[in-house]
Amino acid sequence: MNSFYIFSARDDRIKSKKYYETTISNYLPDSFKRFFKINRETLELLCINLAPHPALLTRNSGGRPPIPLEKKILMTIRYLASQETICELSDRFGVSEHCFLKSKKHVIRAVIDTFFNKCIKWPAIADFPDITREFDEMGAYNFPGVIGAIDGCHIPIEAPNQNANSYYNRKKFHSIILQAVCKHDLQFTDINVGWPGRVHDAKVLKNSTLWETGFEKCAHGRYHILGDAAYPLKQWLLTPYRDTGHLNRQQLRYNLQLSSKRQVIERAFALLKRRFRRLKYLNMKSEMNMCQTVVCTCILHNICILQNDRLDDIMNVDPDDGDGRGQQNVYPWLQNDAQGALKRIQITNGM
């Protein structure tokens, strides 16, 4: 008898049959934005560009009508924008959990395939002067030659079944690392996702393609990105002076002005996590699914910026918790190079 009631309760879950068809269509723009964290124009752009992807072509399934493309995208966006459970989300949209998970998987894959190379890309050298000017005009301090800022961000995850200790970071939770470079407007220009949370930021950089290509990407060192003390000093990657209590006034000023520009990457992470609250905790077992979810949110983050799809309540966000702050470059094989040290001195003397 008990088993009958348990089965019955699961089978008779009340699903919202009219939420997509009626409720969403009646949302005013502000309500739509509050719920999905994007506006209808961005949704339309996604629908147009994702429609040709093979994974999203409509098919009949067991005689049931196919799920409309727009509904699949909205389900996925709501999943990324909230921390609702799959059970809650599938009920809300009136689909089975299996259909919801399948649709979400296909949309995330389609977003990555369609937009990654278009949206997560290093700026062209011709754009460097404009980017450096924007960085220089940002805030009260100046810093020449900046085309980006780099940092690592911890994405909390469920403890993996294997090698869980390697994902347990210095902040006492399990995570994977998102390493990213962003411009003045918070757009990501380079990302690397998936290293276990216990790994030092410098090691993540050393094992990313940016380590080998950074000098060339920064016009052979004529320009540079900014990082914190966790990173090694390079001609293309400038870091602060280590404060041992004996820095002179110019060195302190250099550190202050570098920090004021570098905070843009912390603000980008803060905006990413507050737009896509799923990144507050990824409760999934597959590492590939975790990484694809993070990459998808980074792409959508850039699309929203390119579309001027702002969230007025979070655009002026405070810096994130600064996952790299407090770390030092402790790896002897990542020593500062002479050209980077010389460049830092020249910039310091010019301040």
Ring geometry between His220 and Phe215 (parallel below 30°, tilted from 30 to 60°, perpendicular above 60°): perpendicular
With a 4.5 Å cut-off on side-chain heavy-atom distances among I, L, V, M, F, W and Y, is there a chain of contacts connecting Leu43 to Leu45? yes
Any link between Ile177 and Tyr281 through a network of hydrophobic side chains (Ile, Leu, Val, Met, Phe, Trp, Tyr) touching at under 4.5 Å? no
Pick one: which of Val204, Ile225, Asn192, Thr189 meets side-chain contact (heavy atoms from CB on, under 4.5 Å) with Leu210? Ile225
State which residue, out of Lys104, His106, Lys105, fulfils the side-chain contact (heavy atoms from CB on, under 4.5 Å) condition with Ile108. Lys104
Centre of Tyr79's six-membered ring, under 6.0 Å away, within 45 degrees of the axis: is that where NZ or CZ of Arg278 sits? yes
Regarding Arg198 and the six-membered ring of Tyr168, is the cationic atom NZ or CZ under 6.0 Å from the ring centre and inside 45° of its axis? no
Within the supplied structure, the quantity of interest is the number of heavy atoms (other residues, nucleotides, ligands) at a distance under 6.0 Å from [X] [atom1]; does it exceed 12?
| X | atom1 | answer |
| --- | --- | --- |
| Arg40 | CZ | yes |
| Lys285 | NZ | yes |
| Glu88 | CD | yes |
| Tyr141 | OH | no |

Do the ring centers of Tyr254 and Phe143 come within less than 6.0 Å of each other? yes
Arg262 and Asp151 ion-paired at < 4.0 Å: yes
Residue set satisfying salt bridge (charged side-chain N to carboxylate O under 4.0 Å, His left out) with Arg34, at least two apart, ordered chain then number -> none
Does a donor on one side chain sit under 3.5 Å from an acceptor on the other, for Ser166 and Asn163? no
Residues Asp185 and Gln187: side-chain donor-acceptor under 3.5 angstrom: yes
